[in-house]
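This report refers to the structure that appears directly beneath it.
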Amino acid sequence: MSSLPSRRRIERIRVRLLDWYDVHKRDLPWRHTRDPYSIWISETMLQQTRVDTVIPYYHRFLECFPDVRSLASADLEDVYGLWTGLGYYSRARNLHAAARSVVEDHGGELPSDAEGLQGLKGIGRYTAGAVASIAFERPEPVVDGNVVRVLSRLFGVRADVAAKGVMESFWTLASELARGPRPGDLNQALMELGATTCTPRRPLCLACPLQRSCDARSAGDAEELPKKTRKPKVKRVEGVAAWLERRGKVLAVRRPEGGLLGGLWELPGGDVEKGEGAEVCLRRQIGERLGLEIGSVVHVGEVEHLFTHRRLRLRVFRCHADAGRVRRTDYADHRWLAPSRLAELPHGGPTRKALALLGEASDEPHRARLRRAARSEGDAHP
């Protein structure tokens with residue numbers, strides 16, 4: 001786009017967007033408050049997560065941590081527990097760290113400007129703009145996938161969004177639109193339009209309040225915008241996990257903080273090396289990472305889980321551990337737990353699916369097979 005649209009055109013778009021939003025906005029719980037903390041929680045949860053998924057988590061989180069001080073004083077594991085199933089767990093870790101900073105460095109009050117908000121861990125340009133505009137009525141822009149789609153079609157931006165400077169042009173356009181009355185509602189109107197009307201496929205152009213101003217509608221190429229470079233191919237990864245029993249208890253291990261699923265609990269195991277058998281891998285991982293030898297092994301089944309750039313196929317086993325003390329090398333913590341308590345720990349999607357698979361499998365046949373195998377090996381463990 002060679003030049004900015006005129007202020008007159010911007011004002012017409014603002015009026016139409018706000019009028020449309022007042023009539024058609026969805027009734028969402030975070031739209032019934034101007035509390036900066038509640039809005040911050042909602043915007044963090046909504047990152048890369050569907051609205052209908054977020055709503056119950058939002059209610060439960062605020063019931064447990066109704067303000068920033070209660071979140072700051074909470075144990076991180078309790079925060080993870082409420083986040084379990086929502087995904088992208090670094091968001092929970094960053095929320096907790098930022099809450100502590102708000103209490104320690106800002107007197108328990110969230111900064112009201114975008115610059116101050118971006119000084120908090122985990123708050124980037126988008127979240128800062130959303131909280132500043134919605135909670136504090138600051139004329140700050142927001143740019144997410146929905147906004148990029150609306151603006152690329154509305155103003156005819158046909159350059160690849162990954163090209164240098166193109167994304168910055170969307171921030172400039174969004175800044176122009178945020179200038180004026182009700183910047184928070186204006187930003188929400190842009191996002192709402194992209195989520196409900198200006199959709200990636202088959203946009204509802206006849207229901208759009210901006211159809212007469214839309215460059216892409218005039219050109220007939222709305223579904224081709226925005227232009228995006230193809231995503232890299234998803235890498236396939238093979239892994240193993242063990243329901244590892246000893247004297248009626250099951251072993252859970254916690255991943256180190258940081259990285260994929262950092263700080264969460266899981267069943268012990270790891271990635272399968274190329275050309276390695278699954279059972280061989282399981283015994284190696286348990287030995288190398290926990291210092292334990294395992295006896296009989298029963299394959300329960302497998303689950304798949306898609307991360308952003310990885311598709312994991314996880315093979316799940318039941319087994320028992322021989323005597324010996326756990327000697328961790330890669331894990332941050334471990335616990336021997338009653339089986340009923342394992343699911344209570346904060347865990348990620350792959351572990352949740354593995355536990356569901358183990359729950360669906362009949363316990364007694366597997367236990368009976370392990371007992372028979374153990375007797376044949378002279379092993380006394382159940």
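Starting from 1, each residue takes its place in the sequence as its number. Both backbone and side-chain heavy atoms feed into the values below; hydrogens, waters and symmetry mates do not. All of these numbers come straight from a predicted model, not from anything done at the bench.
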**Item:** Candidate list Val240, Leu314, Val237, test side-chain contact (heavy atoms from CB on, under 4.5 Å), partner Asp271, passing option
**Value:** Val237

**Prompt:** Between Arg255 and Tyr331, do the side chains contain an N or O donor and an N or O acceptor separated by less than 3.5 Å?
**Reply:** no

**Asked** Is atom CD of Glu115 surrounded by more than 12 heavy atoms (other residues, nucleotides or ligands) closer than 6.0 Å?
**Response** no

Under 3.5 Å donor-acceptor pairs involving side-chain atoms of residues 206-214, not counting sequence neighbours:
{"residue": "Gln211", "atom": "NE2", "partner": "Leu206", "partner atom": "O", "Å": "3.1"}
{"residue": "Gln211", "atom": "NE2", "partner": "Cys208", "partner atom": "O", "Å": "3.4"}
{"residue": "Ser213", "atom": "OG", "partner": "Arg16", "partner atom": "NH1", "Å": "2.8"}

In residues 195-202, what donor-acceptor pairs under 3.5 Å come from side-chain atoms, sequence neighbours left out?
{"residue": "Thr196", "atom": "OG1", "partner": "Glu192", "partner atom": "O", "Å": "2.8"}
{"residue": "Thr199", "atom": "OG1", "partner": "Arg201", "partner atom": "O", "Å": "3.1"}

**Residue pair Leu312 / Gly239: nearest heavy atoms and the distance that separates them** = CD1-N, 3.9 Å

**Asked** How about Thr127 and Gln47: does a side-chain donor come under 3.5 Å of a side-chain acceptor?
**Response** yes

**Asked** Are Trp83 and Tyr57 an aromatic pair by the rule of ring centers under 6.0 Å?
**Response** no

**Message:** Would you say that more than 12 heavy atoms from the other residues, nucleotides or ligands in this model lie under 6.0 Å from the NE2 of His32, or not?
**Reply:** yes

**Asked** Are any of the side-chain nitrogens in Glu176 or Arg7 under 4.0 Å away from the carboxylate oxygens of its partner?
**Response** yes

**Asked** Picking from Asn146, Val157, Leu190, Thr172, what satisfies side-chain contact (heavy atoms from CB on, under 4.5 Å) with Leu151?
**Response** Leu190

**Request:** Report the residue from Thr84, Asp78, Leu261 that forms a side-chain contact (heavy atoms from CB on, under 4.5 Å) with Pro346.
**Result:** Thr84

**Message:** Strictly below 4.0 Å, N to O, side chains only: are Asp144 and Arg149 in salt-bridge contact?
**Reply:** no

**Prompt:** Within a radius of less than 6.0 Å around CZ of Arg26, do more than 12 heavy atoms belonging to other residues, nucleotides or ligands occur?
**Reply:** yes

**Prompt:** Does the side chain of Ser218 pick up a donor-acceptor pair with the side chain of Asp215 at under 3.5 Å?
**Reply:** no

**Message:** For a quick test of reading the model, state the closest non-hydrogen atom pair linking Cys319 to Leu282 and the distance between them.
**Reply:** SG-CD2, 4.5 Å

**Asked** Should the pair Tyr80 and Tyr89 be assigned to parallel (<30°), tilted (30 to 60°) or perpendicular (>60°) ring geometry?
**Response** perpendicular

Please set out all donor-acceptor pairs under 3.5 angstrom arising from side-chain atoms of residues 350-357, sequence neighbours excluded.
{"residue": "Lys353", "atom": "NZ", "partner": "Glu304", "partner atom": "O", "Å": "2.9"}
{"residue": "Lys353", "atom": "NZ", "partner": "His305", "partner atom": "ND1", "Å": "3.1"}

**Asked** Are a donor atom and an acceptor atom from the side chains of Arg91 and Asn94 found within less than 3.5 Å of each other?
**Response** no

